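The sequence lines fix the lettering, A, B, ..., with proteins before strands; numbering per chain opens at 1. These figures come from a predicted structure and were not determined experimentally.
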2 protein chains.
Amino acid sequence: MSNKNKANITELLRASKLSITDTRVKILELFMNSNGALEHSSFEKLAGQTFDRVTVYRTLQTFLDKGIIHSIPTTDTSIRYALCKSECTEHNHHDHHVHFKCEECGNTICLDDTDVPEIHLPKGYAMHNIDVVVSGVCKQCK
Amino acid sequence: MSNKNKANITELLRASKLSITDTRVKILELFMNSNGALEHSSFEKLAGQTFDRVTVYRTLQTFLDKGIIHSIPTTDTSIRYALCKSECTEHNHHDHHVHFKCEECGNTICLDDTDVPEIHLPKGYAMHNIDVVVSGVCKQCK
DNA sequence: CATTGTTTGCAACTTAGTTGCATAATATGA
DNA sequence: TCATATTATGCAACTAAGTTGCAAACAATG
Ligand SMILES: [Mn+2]
Ligand SMILES: [Mn+2]
Ligand SMILES: [Zn+2]
Ligand SMILES: [Zn+2]
């Protein structure tokens with residue numbers, strides 16, 4: 001982990017008015033060093049260090065609340081989490097990108113450059129958020 | 001439950017080469033009488049009758065395998081299930097519709113007439129399935 | 001209606017997620 | 001830098017979710 005990233009993390013936490021703790025820094029490092037979305041179990045067995053399950057749950061919830069990470073829906077029992085872009089704030093998320101889950105390697109990634117197309121709901125429905133999850137085979141697994 | 005629906009259910013099970021059992025019929029009745037997607041807990045505490053949790057899990061899995069129902073992804077721990085349209089078969093699902101989850105009433109419904117728009121993935125990705133889940137406020141809750 | 005294969009329910013288990021509370025760590029400002 | 005107030009963490013104990021093996025019950029078939 002570079003010093004640059006360490007500084008980023010500190011800044012990110014400060015900007016969200018969160019105190020800078022070991023767990024939070026380590027979990028953010030993990031996010032930054034991974035190129036896919038992470039599921040809950042990834043955090044407990046992290047690099048020698050063990051984090052209490054409860055702390056991980058609470059940390060992820062805090063990050064969600066603050067708009068630091070977003071969650072990606074699944075039909076199995078493993079919700080995934082990924083870092084939000086810097087434009088996301090506590091009350092205004094901008095995660096309008098598509099998520100891709102590879103059926104081969106199981107990896108889930110954010111396709112940041114693939115826009116979510118417009119959806120026209122029937123009359124009477126108010127839209128707050130759209131989640132698009134595409135499954136298939138990824139670049140690497142082809 | 002009308003006789004017509006009972007006949008439909010029997011036919012549906014037979015078409016999928018599944019034997020006609022109490023649990024399967026009751027769970028399909030529940031689907032047909034509900035206008036939203038159902039989560040797992042809905043099935044256990046059904047109308048006086050109690051179903052074993054294990055049986056419910058196995059029945060839903062069987063229905064998924066046979067293309068009788070489809071699952072709707074969530075970011076909480078309550079995957080929802082809904083009946084497939086008749087065109088769905090074991091190896092060829094046609095669930096290209098949008099799902100809507102109301103943040104007020106919690107209800108999840110299939111917007112059967114709202115098509116999933118085309119998505120253009122980056123080069124190298126093969127698409128098998130698209131899930132679109134919109135959250136917001138539904139007709140009734142407005 | 002007897003036989004065969006499938007489905008169910010139970011027990012026992014694993015994994016996931018929650019809550020309360022005492023202790024430890026962080027932020028702040030004197 | 002240090003004392004204090006505030007917040008985060010870890011532990012214990014719990015509830016909920018999901019899985020597996022196996023014996024008994026049931027449905028399909030001729
Ligand atoms: Mn994402
Ligand atoms: Mn649907
Ligand atoms: Zn892959
Ligand atoms: Zn509603």
For residues 131-142 of chain A, run the donor-acceptor check on the side chains, cut-off 3.5 Å, and write out each pair with its distance to 0.1 Å, sequence neighbours left out.
from, atom 1, to, atom 2, distance (Å)
A/S135, OG, A/E103, OE2, 3.3

Polar side chain donor-acceptor pair, A/E29 to A/N33, under 3.5 angstrom: no

side-chain N/O B/T55 vs C/dG9 OP1/OP2, d < 4.0 Å: yes

Touch class at under 4.0 angstrom, heavy-atom based, for A/T62 against every strand present: nothing

Cationic N near anionic O, under 4.0 Å, A/D76 to A/K101: yes

Of all pairs that satisfy ring-ring contact (aromatic ring centres under 6.0 Å, His included), the ones with a partner from residues 100-142 of chain B, not counting sequence neighbours: A/F100-B/Y125, A/Y125-B/F100

Backbone of B/L38 reached by a side-chain donor or acceptor of B/S42 within 3.5 Å: no

Nearest-Å distance for atom pair CD/C1', residues A/Q61 and D/dA8: 15 Å

5'-most by nearest nucleotide on DNA chain D - A/D52 or B/I79: A/D52

Distance, rounded to the nearest Å, where A/H40 contributes NE2 and D/dA16 contributes P: 19 Å

Side chains of A/R24 and A/S19, donor plus acceptor under 3.5 Å: yes

Nucleic acid footprint by protein, nucleotides 18-30 of chain C - heavy-atom cut-off 4.0 Å, B for base, S for sugar-phosphate alone: BBB-----SS---

